[in-house]
Protein chains: 2
Amino acid sequence: MTVLLDTISQNCSECPIRHRAVCARCEPDELDELEQIKFYRTFEAGQTIIWSGDKMAFVGSVVSGIATLTQAMEDGRTQMVGLLLPSDFVGRPGREGAAYNVVANTDLVMCCFRKKPFEDMMVRTPHVAQRLLEMTLDELDAAREWMLVLGRKTAREKIASLLSIIARRDATPGKRGPTDQMVFDLPLTREAMADYLGLTLETVSRQMSALRKDGVIELAGKRHVTVPDMGRLMEEAGDDSDGGMLG
Amino acid sequence: MTVLLDTISQNCSECPIRHRAVCARCEPDELDELEQIKFYRTFEAGQTIIWSGDKMAFVGSVVSGIATLTQAMEDGRTQMVGLLLPSDFVGRPGREGAAYNVVANTDLVMCCFRKKPFEDMMVRTPHVAQRLLEMTLDELDAAREWMLVLGRKTAREKIASLLSIIARRDATPGKRGPTDQMVFDLPLTREAMADYLGLTLETVSRQMSALRKDGVIELAGKRHVTVPDMGRLMEEAGDDSDGGMLG
DNA sequence: CGATCTCCTTGACCCAGATCAAATGGGACC
DNA sequence: GGTCCCATTTGATCTGGGTCAAGGAGATCG
C-alpha cells in the first residue's frame with residue numbers, strides 16, 4: 001500500500017486520474033497545476049468516506065480498492081446507487097454537499113484534488129468541464145440502466161446483470177481465457193450485492209447457488225468466480241445489448 | 001398552442017430555455033447566437049420522439065406537454081427512467097446516440113437547438129458547459145434517488161413518492177392552498193405510473209384506492225388529485241428529507 | 001341514444017422473494 | 001488442535017404484489 005502510494009506520488013504515471021478522468025486531455029502545464037492541488041488519502045475497509053449531506057472538500061478518483069455509494073432510509077433500508085472501482089471519479093464540482101454516503105468496502109486509496117482550486121481551474125480550462133460532463137453523462141446512463149434492473153428484472157436476472165458488469169469491468173487482458181471464459185474475484189459480500197440489487201442476502205445466495213447448479217458460473221470458495229461463457233451469462237441477465245454500470 | 005409558439009419565437013421571453021437551462025447565464029450576443037440555431041418541434045401524444053440508439057440531431061427542452069424516457073427489454077418489459085416536464089432538458093452534448101426512447105405522453109412542444117452548432121458554441125463558452133454539468137449532476141442525483149424508490153420501497157411508498165414529486169414539480173403559487181394542501185392533475189395514466197415505479201397498473205390502482213380510503217389523498221375523477229396534507233404524504237413516501245426527480 | 005374504445009377498478013388466486021431460523025465452513029488467534 | 005467470529009448456505013414458512021379475469025365509467029362518434 002505504502003509502496004503504491006510512493007510510486008504514484010513520484011510521477012502520477014500509474015495514477016488512473018491521468019488515464020481516464022479529468023487529466024485525459026490536459027497539457028503539461030495543466031498537469032503541473034493539478035499536481036499542486038493533488039493529495040492522497042487512505043481509508044480502511046468499512047470506513048465512511050463521506051456522509052450524505054456533508055460538505056465535500058475534495059474531488060478525486062479511486063486508485064485502489066472498492067467504494068460504494070449508498071442511499072439510506074430512516075428505518076435502515078439501504079440501496080446502493082453506485083460502485084466505485086479503481087479509476088472511477090467521485091465528486092460534484094459546483095455542488096456543495098454530498099448527496100449520498102460514500103463507503104470504503106475494502107481498504108482504499110484515493111487520489112484527491114482540493115475542491116475550490118479544482119473548480120477554479122475548471123472555469124479556466126473548458127476541456128476539463130467537458131470531460132466531466134461526458135463522465136457524468138456516462139454515469140447517468142449507467143444509473144438509468146440500473147433502474148431497469150431494479151424495477152423490472154427477476155432476482156436471477158439481477159444477479160446475472162451484476163456479475164456481467166463486474167466481469168466486464170475486471171476484463172484485463174490475461175484474465176481472459178482463450179474462449180469466452182472470464183475469471184474474477186467478487187469485490188462484494190453477499191449483503192453488498194443484495195443492497196446493490198434491491199434483494200435480501202438470502203435471495204442473492206440462493207440465486208448464486210442456482211446459477212452454479214445450472215452451469216452458468218463456477219464458484220471456488222465464496223468469491224472466486226469463473227464464467228465459462230459470457231454470452232450465456234448475458235442471456236441470463238436478460239439483455240444482449242448491455243452497458244456498463246460505472247458508479 | 002400555436003399562440004404559445006408564436007409568442008415564444010418572437011423573443012423567447014416565455015421560453016423555459018432562458019430561465020432554467022443553458023441560457024441562464026448567457027450574454028445578449030450569446031443569446032442571439034442561440035437564436036440562430038433554435039427551432040421548434042411539435043409532437044403528438046404517443047409519438048416516439050427519439051428511439052434508443054438513434055443519432056440525435058438536436059438538443060433542447062420541453063416547452064409544453066409531458067415526455068418520458070423509457071428503457072425496454074426484448075420481451076416488452078419497460079421501465080421509465082425519467083419524466084420530462086416543461087423546462088426540462090433533453091440531449092447529450094458530446095454523445096452520438098440516444099441511450100433510451102423518448103416518448104411524448106401528451107401533445108408536446110420542444111424548443112430545440114441544432115446539435116453540432118450547439119456543441120461548437122459549448123466549446124467556446126465555458127459557462128454553458130458548466131451549466132450543463134450542473135443540470136446533469138442534478139439528473140444523476142434524481143436518478144439515484146429513484147433507485148432507492150425502485151429497489152427498496154413498498155408499492156404504497158412508491159405511489160406516495162411519485163405523487164409527492166409531481167406535486168412539488170407542479171407547485172405554482174396559486175395552486176397552493178392556505179394550508180399545506182396541494183391540488184394537481186396527474187399527467188400520467190396508471191400504466192405510465194406503473195412503468196415509472198416498477199409495478200403493474202393493477203397494483204397502482206389498488207394503492208391509489210387505498211391512499212384515498214385512508215385520507216392521504218382525495219380523487220376527483222381519475223386524474224384530479226387533492227393532497228390535504230403534504231407532510232402526511234411525504235411520511236407515507238418514507239422520507240422526510242426528499243428530493244425531486246427531474247428527468 | 002346506443003356502440004365502441006380507452007382507461008380504470010376490483011376480485012380471486014398464485015408465486016417469487018422476504019422473513020425467520022438453523023446449520024456449515026473458513027480464517028485468525030490462542 | 002480448539003474456539004471465536006464471520007460470511008455464507010440452506011430450509012421452512014409467509015406475504016406483497018403479480019397474474020388472470022370481470023366489470024364500470026367516461027369520452028367520442030355514428
Do His224(B) and Val183(B) touch side chain to side chain, with heavy atoms closer than 4.5 Å?
yes
Look at all strands and tell whether Thr189(A) reaches a base, only sugar-phosphate, or nothing, counting heavy atoms closer than 4.0 Å.
sugar-phosphate
In whole Å, what is the span from the CG atom of Leu150(B) to the P atom of dG17(D)?
13 Å
Using modelled atom types and a 3.5 Å cut-off, is there a donor and acceptor pairing between side-chain atoms of Arg77(A) and backbone atoms of Arg152(B)?
yes
Could you list the donor-acceptor pairs under 3.5 angstrom formed by side chains in residues 197-210 of chain A, with sequence neighbours left out?
unit_1, atom_1, unit_2, atom_2, d
Thr200(A), OG1, Thr203(A), N, 3.4
Thr200(A), OG1, Thr203(A), OG1, 3.1
Ser209(A), OG, Ser205(A), O, 3.1

What distance do Ile49(B) atom CD1 and Leu108(B) atom CG have between them, rounded to the nearest 0.5 Å?
4.5 Å
With rounding to the nearest 0.5 angstrom, report the CZ to CZ distance, Arg223(B) to Arg190(B).
7.0 Å
Take the C1' atoms of the five end pairs on each side of the helix from dC1(C)-dG30(D) to dC30(C)-dG1(D), get both axes, and report the angle to 10 degrees.
30°
Would you mind writing out the side-chain donor-acceptor pairs for residues 225-232 of chain B within the sub-3.5 Å range, not counting sequence neighbours?
unit_1, atom_1, unit_2, atom_2, d
Asp229(B), OD1, Gly231(B), N, 2.9
Asp229(B), OD1, Arg232(B), N, 3.3
Arg232(B), NH2, Glu236(B), OE2, 3.3

Reading DNA chain C from 5' to 3', where do the contacts with chain A start and stop? Cut-off is 4.0 Å to heavy atoms.
dG17(C) to dC20(C)
Would you please say whether a donor-acceptor pair under 3.5 Å links the side chains of Thr78(B) and Asp195(B)?
yes
How about Leu140(B) and Arg92(A): do any of their side-chain heavy atoms sit closer than 4.5 Å?
no
According to salt bridge (charged side-chain N to carboxylate O under 4.0 Å, His left out), who are the partners of Asp214(A), at least two apart in sequence or on a separate chain?
Arg156(A)
Atom-to-atom span, CG of Leu188(A) to C1' of dT8(D) - whole angstrom:
15 Å
Taking atom types as modelled, find out whether Asn105(A) and Thr68(A) have a side-chain donor-acceptor pair closer than 3.5 angstrom.
yes
Sorted by position of nearest nucleotide on DNA chain D, 5' first, the leading residue of Gly198(B) and Glu191(A) is Glu191(A)
Pairs: protein N or O with nucleotides 9-12 of chain D N or O, under 3.5 Å:
unit_1, atom_1, unit_2, atom_2, d
dT9(D), OP1, Arg190(A), NH2, 3.2
dT9(D), OP2, Arg190(A), NE, 2.8
dT9(D), OP2, Ser205(A), OG, 2.6
dT9(D), O5', Ser205(A), OG, 3.1
dT10(D), OP2, Ser209(A), OG, 2.9
dG11(D), N7, Arg206(A), NH1, 2.9
dG11(D), O6, Arg206(A), NH2, 3.2
dA12(D), N6, Arg206(A), NH2, 3.4

Whole angstrom value for the distance that separates P of dT15(D) from CZ of Arg156(B)
18 Å
Quick one: pull up CE in Met135(A) and CG in Asp88(A) and give me the separation to the nearest 0.5 Å.
8.0 Å
Any base atoms under 4.0 Å from Arg223(B), or only sugar-phosphate, or nothing? Heavy atoms, all strands.
sugar-phosphate
